[in-house]
Protein chains: 2
Amino acid sequence: MNSKSKSGPSSDNAEKFPALSNEKLQYIEESGLMFETLGMTRMTGRVFGYLIICDLDAASFDQIREAVRASKGSISGTLKQLMQIDFVEAISYPGDRKTYYRPTKVSIGTLLNSRNYQTKMFSDSLQKARSLKSREDDVSDWLLEVSCFYEWIGKRLADLVEEWETIKVSHLKKKQNAEKNNHHINIYRNKLNNS
Amino acid sequence: MNSKSKSGPSSDNAEKFPALSNEKLQYIEESGLMFETLGMTRMTGRVFGYLIICDLDAASFDQIREAVRASKGSISGTLKQLMQIDFVEAISYPGDRKTYYRPTKVSIGTLLNSRNYQTKMFSDSLQKARSLKSREDDVSDWLLEVSCFYEWIGKRLADLVEEWETIKVSHLKKKQNAEKNNHHINIYRNKLNNS
DNA sequence: CATTTAGTTCAAAATATACTGAACATTAAA
DNA sequence: TTTAATGTTCAGTATATTTTGAACTAAATG
């Protein structure tokens, strides 16, 4: 035991583990459920959700653990999964034994590619199905069309990513301006809600 | 018991339940595993896989059951799921009490839309995360960019589907010609394999 | 070298999901 | 009205997945 912990559990704990608002805690759970419907685990969603809203440059193992209230083993495995799929990256600081974790700011192209992996698998399977058929019929026509479409659109998506890179700056400016204008509305809404 | 079943179990059973080649049986299992990685059940993949390769206009409940070797309850539930997500449709014939099932030849647009559902969910979640942050940083910039990109590309994909509709006929012709040329190669390959 | 920190590993428990099989519903035919 | 055909439903079981928690490693600190 060190002298700090004797001086009271919440004295400087609050600095290392800043309390999360109910909204944020709720978001973490929602993120968990969403990741579940995407075929990942609830815990990966919780951890990723925490990392993107925690307002820290990077969070420590125990900060994550505290925020999502899970066991060390669970956090350890979950972080590995998230790093494996490149959703999270680890960083470290000199003179600090801890590892810190933060969301990877994956490029749009990478995001789209991982999405396309499943599509490719599906499309390949349909093509194989067609090759196994012993007659040509409506189904084999459909199988051909669908797998051709996916092949075609795979190429087209790559073009779109390039196009996005060229237009994104102006596009994002528009969006941010729209947001500023909405800000007044939000303040007005809050006043209404609090009345 | 009717007279038919007394005359021997495999007499005309073979007509109603034509034996599937090993390749097809294997495909059914592969399809099951693939659907599993897509977040659906193995059984939905088996049943859908069977329906697209069975070379029947439509398969009866018991033909499906026989092909995938599952219980009636399982087939019943699985077919409902597949119909729910519009992968399979039921048809019936006058004077026949059975229901027959066949793969829905869903339009390309519909296929893409259902794929986009998950993306939308993910994108909305990122936007919400950004609104919960109490500071602007690299992460909030990234959150904005990603959710904007998905919004933008959603619109662009709709254009691509339209484009596909206009070019698909000529595109498919090309593909089919390429296939015919490959056919000679496949025959040659088979000879090599059988030697 | 003993202790603390920071995490990893893995067997077992908890939980979630899918599947079976038997009882049931419904319609048609005998 | 009885029997048969065609499924459906659902409780229980089987299976798979996630999470815990305790024992462990490895490195730094006193």
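Note: hydrogens, waters and symmetry copies are ignored here, and every other heavy atom, side chains too, is used. Per chain, numbering begins at 1; letters A, B, ... match sequence-line order.
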J.: A/Ile64 has an atom CD1; how far is it from atom P of C/dA6, in whole Å?
T.: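 After rounding, the gap between these two atoms is 14 Å.
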J.: Rounded to whole Å, how long is the line connecting atom CG of B/Leu33 with atom P of D/dT15?
T.: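 Interatomic distance, CG of B/Leu33 to P of D/dT15: 16 Å.
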J.: Counting side-chain heavy atoms from C-beta on, which of D/dA28, D/dG21, C/dT20 comes nearest to A/Arg97?
T.: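 The listed nucleotide nearest to A/Arg97's side chain is D/dA28.
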J.: Grab the CZ-P distance between A/Arg65 and C/dG7 for me, whole Å please.
T.: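 For the pair A/Arg65 CZ and C/dG7 P, the rounded distance is 11 Å.
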J.: Select from B/Asp96 and A/Gly95 the residue whose nearest nucleotide in DNA chain D is closer to the 5' end of that strand.
T.: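 Result: B/Asp96.
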J.: Remaining members of B/Tyr93's ILVMFWY cluster at a side-chain heavy-atom cut-off under 4.5 Å?
T.: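 Reading the cluster by chain and number, B/Tyr93 sits alongside B/Ile91, B/Tyr100.
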J.: Can you check the B/Ile75 CD1 to D/dT9 P distance for me, whole Å?
T.: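 Rounding to the nearest Å, CD1 of B/Ile75 and P of D/dT9 are 15 Å apart.
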J.: Go through D/dT18, D/dG21, C/dT20 for me and flag the one nearest to the B/Ala70 side chain.
T.: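 The answer is C/dT20.
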J.: Is any side-chain nitrogen or oxygen of A/Lys72 closer than 4.0 Å to OP1 or OP2 of C/dG7?
T.: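 Answer is no, no contact under 4.0 Å.
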J.: Want to settle it: does A/Leu79 or B/Met43 sit nearer the 5' end of DNA chain C, counting the closest nucleotide to each?
T.: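 This one resolves to A/Leu79.
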J.: For B/Gln63 and D/dT6, give me the distance from atom CD to atom P, rounded to whole Å.
T.: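 In whole Å, D/dT6 P and B/Gln63 CD are 11 Å from each other.
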J.: Take the protein atom CD of A/Gln81 and the nucleotide atom C1' of D/dT18, then report the distance between them rounded to whole Å.
T.: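 From A/Gln81 CD to D/dT18 C1': 10 Å.
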J.: A/Ser76 near the nucleic acid: base, sugar-phosphate alone, or nothing, with a heavy-atom cut-off under 4.0 Å?
T.: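 Result for A/Ser76 = base.
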J.: Will you find, in the side chains of B/Ser71 and B/Ser74, an N or O donor that is under 3.5 Å from an N or O acceptor?
T.: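 Judged by distance alone, the side chains do not pair up.
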J.: Do the non-hydrogen side-chain atoms of B/Phe87 and B/Thr44 ever get within less than 4.5 Å of each other?
T.: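 Sidechains of B/Thr44 and B/Phe87: no contact.
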J.: OP1 or OP2 of D/dT9 sitting under 4.0 Å from any side-chain N/O of B/Lys80?
T.: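 Indeed, a polar side-chain atom of B/Lys80 lies that close.
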J.: Using atom CG of A/Leu82 as one end and atom P of D/dT18 as the other, report the distance to the nearest whole Å.
T.: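 Computing the A/Leu82:CG to D/dT18:P distance gives 13 Å.
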J.: If you pin B/Arg69 and A/Glu36 to their nearest nucleotides in DNA chain C, which one's is more 5'?
T.: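 First, find each residue's nearest nucleotide; the 5'-ward one identifies A/Glu36.
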J.: Grab the CG-P distance between B/Asp62 and D/dT6 for me, whole Å please.
T.: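 Value for this atom pair: 7 Å.
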J.: Which part of the nucleic acid does B/Ser74 contact within heavy-atom distance under 4.0 Å: base, sugar-phosphate only, or nothing?
T.: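 The answer is base, as B/Ser74 lies within the cut-off (heavy atoms under 4.0 Å) of a base atom.
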J.: What is the nucleic acid contact for B/Thr99, judged by heavy atoms within less than 4.0 Å: base, sugar-phosphate only, or nothing?
T.: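 If one applies the 4.0 Å heavy-atom cut-off, B/Thr99 turns out to touch the sugar-phosphate alone, with no base involved.
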J.: Can you confirm whether more than 12 heavy atoms, excluding those of B/Glu165, are under 6.0 Å from its CD atom?
T.: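 Yes, the 6.0 Å shell around CD holds more than 12 heavy atoms from other groups.
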J.: Where the side chain of B/Asn116 meets the backbone of B/Thr119, is there a donor-acceptor pair that is under 3.5 Å apart?
T.: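 No: the side chain of B/Asn116 does not pair with the backbone of B/Thr119.
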